[in-house]
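Data first, discussion second: the structure below is written as structure tokens.
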Protein chains: 2
Amino acid sequence: MPKDRAPTRIQQKNRAAILDAALDVFSAQGFRGATVDQIATVAGLSKPNLLYYFPSKEAIHNEVLSQLLDTWLDPLRALDPAGDPLEEILAYVQRKLEMSRDYPRESRLFANEIVQGAPRIHDVLSTDLRALVDEKVAVIKAWSDAGRIAPVHPYHLIFSIWSLTQHYADFEVQVRAVLGEEDPFAATPEFMETLYRRLLTPN
Amino acid sequence: MPKDRAPTRIQQKNRAAILDAALDVFSAQGFRGATVDQIATVAGLSKPNLLYYFPSKEAIHNEVLSQLLDTWLDPLRALDPAGDPLEEILAYVQRKLEMSRDYPRESRLFANEIVQGAPRIHDVLSTDLRALVDEKVAVIKAWSDAGRIAPVHPYHLIFSIWSLTQHYADFEVQVRAVLGEEDPFAATPEFMETLYRRLLTPN
DNA sequence: GTATGATTTGACCAAACGGTCAAACACACG
DNA sequence: CGTGTGTTTGACCGTTTGGTCAAATCATAC
């Protein structure tokens, strides 16, 4: 490990390469399935060299995961209580869908972690995530109570948005196997819009 | 390995215990994350004893996975072209939801496999699964074209059902972290029914 | 009870894995 | 150029893992 100075160009480049490679490997194999050697190879480094930049496999995983968590909830944070209810929710759906299309590795990393019981991020889920969801649920409930959108169970509404949008990244192999040549994201935005417009348009 | 005779009572009991334990461990840790020792311990056997009944870790995984695939698509197979369109689809949704509630381990095993690229079941997906989906998509498209349900992209309709229902099993930790004490499945059937009724009821 | 096959296990092996370390190498700066 | 710091690596270590095997134990039919 280098001393406590400003990172050199080499450090910046290599740390970035390692984190990108780790995202590749962890999202495709899970934490236990990934090997340090694999990550090093993908990053174009030797294993000891990689361990010169990060103290352990777990440290790399933590770093990748916390970088992910930082941005993962941005689309929901942006849901504006002052905006038009239906349009706000539709915009949130589209933002989430874009993230699945543009950052599928991040989505799969998250999925891997959750499916296997979220051992490393359970705390964040039941504190930060829960608080954010509670906040936005209150907004949606207010809209619903005011009759500005159809009555809906707000928690399940949010779960449905998560599951529908992330499905195209997390289960991409399955979607592609079923669709064949067709682009999975071709008709998806329109489908989502129709679905939530019909669900939420008041009477 | 015993000779090629009818399985004894001990064989039946132990093979069943192993497969159940394997479902536990594989669904919670993924293939590479699971160890033979773990499975053996959960099954109440020693590792060499377990390997007396199955030749390898991969053989156990294959067996568990193929038993799963056998029944996983039954709810979709049961979609009856002769039934009432909306009620048929709603019934399919409820069957899938029940499977998520009653067989979450199976759902998570499947999710683990797909998220990590489905290396072992890719063939089944692009043959059997695809054929079944194509068949049912045709049914839904016919209903849609006949105006018996609202116009809808049939593939994405099916994907939406998969993702929504399986979400409650695959992402159970997250759902519970957000909902707290509340039973994840309490309001879910009603939410699903409302959603698909609104989406599919012809104008 | 005893013979035969089924079942179980402790001891063991080779490979893979996460991680360490001293030595070699590269590079910037005077 | 040389020297001090940052960087890279081959060799190595202890542990975990999947799997083997011979020997011991158990169940059952005669």
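Every heavy atom of this structure was used, including side-chain atoms; hydrogens, water molecules and symmetry mates were not. Protein chains get the first letters and strands the later ones, always in sequence-line order, with residue 1 at the start of each.
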Under a 3.5 Å distance rule, please check whether B:Arg95 uses its side chain to pair with a backbone N or O of B:Pro75 as donor and acceptor.
yes
May I ask you to say whether A:Arg197 pairs ionically with A:Glu190, meaning some side-chain N is under 4.0 Å from a carboxylate O?
no
Please determine whether a side-chain nitrogen of the Lys or Arg among B:Glu172 and B:Arg108 lies less than 4.0 Å from a carboxylate oxygen of the Asp or Glu.
yes
Output all residues satisfying side-chain contact (heavy atoms from CB on, under 4.5 Å) with A:Gln67, sequence neighbours left out; order by chain, then residue number.
A:Leu19, A:Glu63
Gap between atoms [atom1] and [atom2], on [X] and [N] respectively (whole Å):
X: A:Arg9; N: D:dT7; atom1: CZ; atom2: P; value: 11 Å
X: A:Gln12; N: D:dT7; atom1: CD; atom2: C1'; value: 15 Å
X: B:Arg15; N: C:dA6; atom1: CZ; atom2: C1'; value: 15 Å

Answer yes or no for B:Arg101 and B:Tyr168: cation-pi contact, defined as NZ/CZ to six-membered ring centre under 6.0 Å and angle to ring axis within 45°.
no
Contact pattern, 5' to 3', of nucleotides 8-20 of chain D - B, S or - by protein heavy atom under 4.0 Å:
BBB------SBBB
Quick one: ring pair (Phe, Tyr, Trp, His ring centres under 6.0 Å) pairs with a partner in residues 84-129 of chain B, sequence neighbours left out?
B:Trp72-B:Phe110
For C:dA6, does OP1 or OP2 lie under 4.0 Å from any side-chain N or O of B:Gln11?
no
